[in-house]
Amino acid sequence: MRAWWRAIRRFYTTPFATELSVWQGVALPEIESRRQEALARLIISQLVAIQVVGVVLAALSHSPPAIVIAQIASVVFAAVCLFLLFTRFVKFGIALYVYGIFVLIALIGRIDPAGISLRTMLVNILLALFILLSGLLLPRWSIWLATGLSIAATLINLAISPLDPALRLGSEDPKMLIGTFMAVFFFCIALLGLLLANSAAAGARSILRAYEQERALADLKDQFIIYINHELRTPLMGLYGNVELVRKLGDRLNAQGRNEMLERALQAGNAILTMLSTTLDSDILKPEAVQIRPESLALAPLVRGIIERFDPREIGEPGLEGIAFATRDITLSIPDDLTVYADPLRVQQIVINLVSNALKYSPSGSPISIRAERWHEESAAATPMVRISVQDAGLGVPPSEAPKLFQRFVRLERDIAGSVRGTGVGLYLCRTLVEAMGGRIWVQSTGKPGEGSTFSFTLPQTPPAIVIAPATEVATGTLAAGEPARRFTAATLDGQTLSLEDYAGKRVLLTFLRAASCPLCGVQVWQLVQNAPRWRQQGLETVAVIESDRAETQRYVERLQPPFPIIPDPQKRIFRQYGVTSSLFGMARGLLLRLGIYYQAWRKRVGGRISSGDLGLLPADFLISPDLVVQRAYYGKDTGDHLPLREIDAFAEEHGGE
Amino acid sequence: MTAEHTSLRVLLIDDDPIVIRLVSDALTLLGNYAVTLATDGAAGLERLMEDPPDCIVVDIRMPHLNGLQFVRALRGDPATMDIPVVIISALVQDREVLAGMLSGADAYLLKPVKIDDLLHAIEQSLALSAEQRRQRMEFLAQQNDDAEKR
């Protein structure tokens with residue numbers, strides 16, 4: 001009895017079971033398919049039960065025998081379909097049940113002696129249920145098939161069956177009206193069914209994706225733990241064993257021998273520390289939480305310091321050619337004046353990772369070269385960068401495997417089986433850190449052993465120092481036809497200023513202003529905040545802020561009440577002047593603006609003379625002399641390079657009243 | 001440690017510079033063994049042919065020829081099949097240890113290895129007769145077959 005009760009319960013609850021225990025060991029797509037089948041069994045068995053009740057009611061209410069016989073036939077048909085649902089022909093059973101009903105409906109007016117009556121119309125409307133069912137239990141496209149069949153069955157029924165006189169509206173034949181109404185009704189039901197089926201499928205898909213991602217990550221973490229277990233044991237033996245040896249040998253060891261052993265213990269300890277900082281960093285599991293504290297860094301001393309931390313035998317320090325370990329040439333070519341805007345600790349982590357990889361994956365004795373140079377990405381708007389590269393003469397990376405090298409817990413096929421220790425997180429960590437600092441990382445290699453590989457990454461250059469020149473120092477520009485825009489002073493109109501901004505409209509505007517002799521320069525808003533009183537004394541009267549971050553500008557104006565008027569974001573007005581108001585067509589707008597401005601500038605140039613005074617093109621208030629265009633310097637990602645509010649407040653306290 | 005060991009030679013094969021120095025110091029200073037070195041399996045085989053040692057201490061993960069391949073090659077050659085072998089490795093999973101023992105090693109020690117344990121394992125493997133070694137190998141292989149059948 002209890003077993004029966006359990007079976008019935010299972011029958012009703014299985015399709016909705018969420019606990020994984022019910023579906024233990026079954027793949028998720030398979031679970032979805034089984035869930036659908038269980039649901040089909042449940043729904044169709046309930047419908048069959050309703051049909052049986054219908055037969056009894058029809059018999060008791062003295063319905064015409066034809067109707068009762070048709071109903072009994074439909075129950076037998078449904079029972080056959082239901083039986084199929086418990087065999088392996090589940091989908092066929094569902095399809096047979098859902099689509100078989102249309103044949104019955106198409107003929108129902110014929111079967112009913114009254115013809116198309118209220119009773120047959122009510123049965124006809126039930127087809128909507130089957131449209132919904134086909135969406136729930138069969139592939140989604142089957143909704144349209146069911147809808148087509150429903151409409152067709154209704155129309156056939158209307159065409160071949162006589163109309164019950166009771167349905168006649170006056171003298172008119174309402175078949176056309178009924179047909180149209182039913183077609184629209186079924187169509188609406190189909191849309192509803194599609195929405196339901198789509199949302200259910202989307203839910204299932206997202207669960208499937210999350211589940212698979214989670215499982216892949218769990219596998220990777222297992223792998224990672226196994227790797228780390230291996231990796232830590234060898235240096236741990238070096239640390240522990242050497243100390244043990246010193247203790248055991250005691251007085252039998254002379255001072256030099258003792259020092260050597262302790263030195264080796266320290267080296268092993270260093271190896272463990274390096275591993276911790278290169279791979280076991282907590283950032284591995286939470287890349288979005290990487291903390292970056294950028295500052296201006298001189299690269300050469302930093303990299304030199306890192307190289308000194310490596311095992312001297314591996315990097316080729318003379319006099320230590322121990323057992324079977326060849327020395328290595330490590331060449332550094334980094335200009336002394338090269339600086340980057342980055343987090344020193346993070347840069348260290350990246351360089352340690354790349355250099356220790358180069359040491360591990362190239363034969364002992366082969367050279368390694370580390371270089372750094374100024375670097376411009378291909379897009380003109382990009383921030384000026386520095387490229388740092390580490391080149392070895394080792395095994396190389398097969399080009400097909402290069403892209404996945406920077407993913408989490410990934411190691412090359414070759415290395416998993418090989419002797420080189422690794423955790424598969426070092427390069428992932430490098431990528432995370434480099435990207436957080438606004439750069440990118442890549443590898444170049446032919447994949448041929450001996451030709452080695454070059455790992456390169458970029459970091460933003462420290463922007464050049466920005467000097468504000470008072471108006472008196474700025475020459476009035478005079479450009480001959482065809483002459484390129486002149487640099488008025490090296491500091492104010494440094495070419496770098498323009499490339500710092502990524503927004504095409506602003507670049508064009510700045511180009512134009514340069515061509516039109518407007519003294520301009522790029523500073524950050526916080527620099528303006530700090531220097532405002534001094535610049536005011538030097539004759540600065542107006543500041544135009546080309547800056548889309550209105551909130552920041554607003555904050556400044558409110559808190560400081562600056563000693564000169566601020567014109568926020570004049571570019572909008574300029575856009576309008578060229579008849580461009582919509583921001584929807586950004587690309588077209590940029591192009592239009594560019595063409596318009598270049599045309600005007602060219603026309604002026606042909607005239608021979610351009611100065612800020614005769615620029616009717618720009619709103620007069622924008623060109624109050626001396627003008628100053630303030631642009632926020634741009635460091636790759638928005639790293640929050642604004643002066644923090646509390647510093648602005650402190651400044652305001654000091655200078656605001658002046 | 002005792003005078004009888006002075007003539008015994010140990011071939012140490014490992015690719016890690018720190019481990020190689022540590023183990024060779026320990027064997028020389030505490031065990032009175034004469035130690036020869038190799039940094040990979042292939043070099044180890046060369047040394048073996050030049051001058052067969054009394055015992056071999058070998059790591060598993062090494063370039064060219066790994067430790068397991070080395071031990072199998074050693075055991076496959078009648079001239080060297082009875083040389084005692086001790087594996088020291090950072091591979092800790094059961095199947096890895098099993099593979100190490102099935103390859104024909106007399107002992108499998110997990111890194112970090114304590115010096116006393118290593119000296120003890122070497123002494124034990126030196127004490128094993130050729131017949132005992134063969135019997136143990138057969139026993140292990142039999143156990144493994146049974147386990148696989150199950």
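From a predicted model like this one, the values you see are computed outputs, not experimental measurements. Chain naming here is simple, since letters A, B, ... match the order of the sequence lines and numbering starts at 1 in each.
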Set of residues satisfying salt bridge (Lys or Arg N to Asp or Glu O under 4.0 Å) with respect to A:K248, sequence neighbours excluded: B:D116
Can you name the nearest heavy-atom pair linking [X] to [Y], along with the distance?
X: B:K114; Y: A:E244; value: CA-OE1, 3.9 Å
X: B:L110; Y: A:R233; value: CB-NH1, 4.2 Å
X: B:V113; Y: A:M237; value: N-SD, 3.6 Å
X: B:I18; Y: A:G238; value: CG2-CA, 3.5 Å

List the atom pairs, donor and acceptor, that lie under 3.5 Å between side-chain atoms in residues 95-109 of chain B and the rest of the protein, sequence neighbours left out.
residue : atom : partner : partner atom : Å
B:R95   : NH2  : B:Q93   : OE1          : 3.1
B:E96   : OE1  : B:V92   : N            : 3.2
B:E96   : OE1  : B:Q93   : N            : 2.9
B:S103  : OG   : B:G100  : O            : 2.6
B:D106  : OD1  : B:R133  : NE           : 2.9
B:D106  : OD1  : B:R136  : NH2          : 3.2
B:D106  : OD2  : B:V85   : N            : 2.9
B:D106  : OD2  : B:R133  : NE           : 3.3
B:D106  : OD2  : B:R133  : NH2          : 3.1
B:Y108  : OH   : B:L91   : O            : 2.9

Gap between atom CG of A:L245 and atom CD1 of B:I115 - 0.5 Å precision: 4.5 Å
Between CG on residue B:L22 and OG1 on residue A:T234, distance to nearest 0.5 Å: 11.5 Å
Heavy atoms of other groups near B:D94 CG, more than 12 under 6.0 Å: no
Over 12 foreign heavy atoms within 6.0 Å of CZ, A:R371: no
A:N242 side chain near B:D25 side chain, heavy-atom distance below 4.5 Å: no
Partner chain A: residue of B:I88, B:I60, B:D40, B:L29 with the largest heavy-atom pair count (under 4.5 Å): B:L29
Contact origin within B:L118 toward chain A - heavy atom pairs under 4.5 Å: neither
Residue part contacting chain A, namely of B:V19, when any heavy atom lies under 4.5 Å: side chain
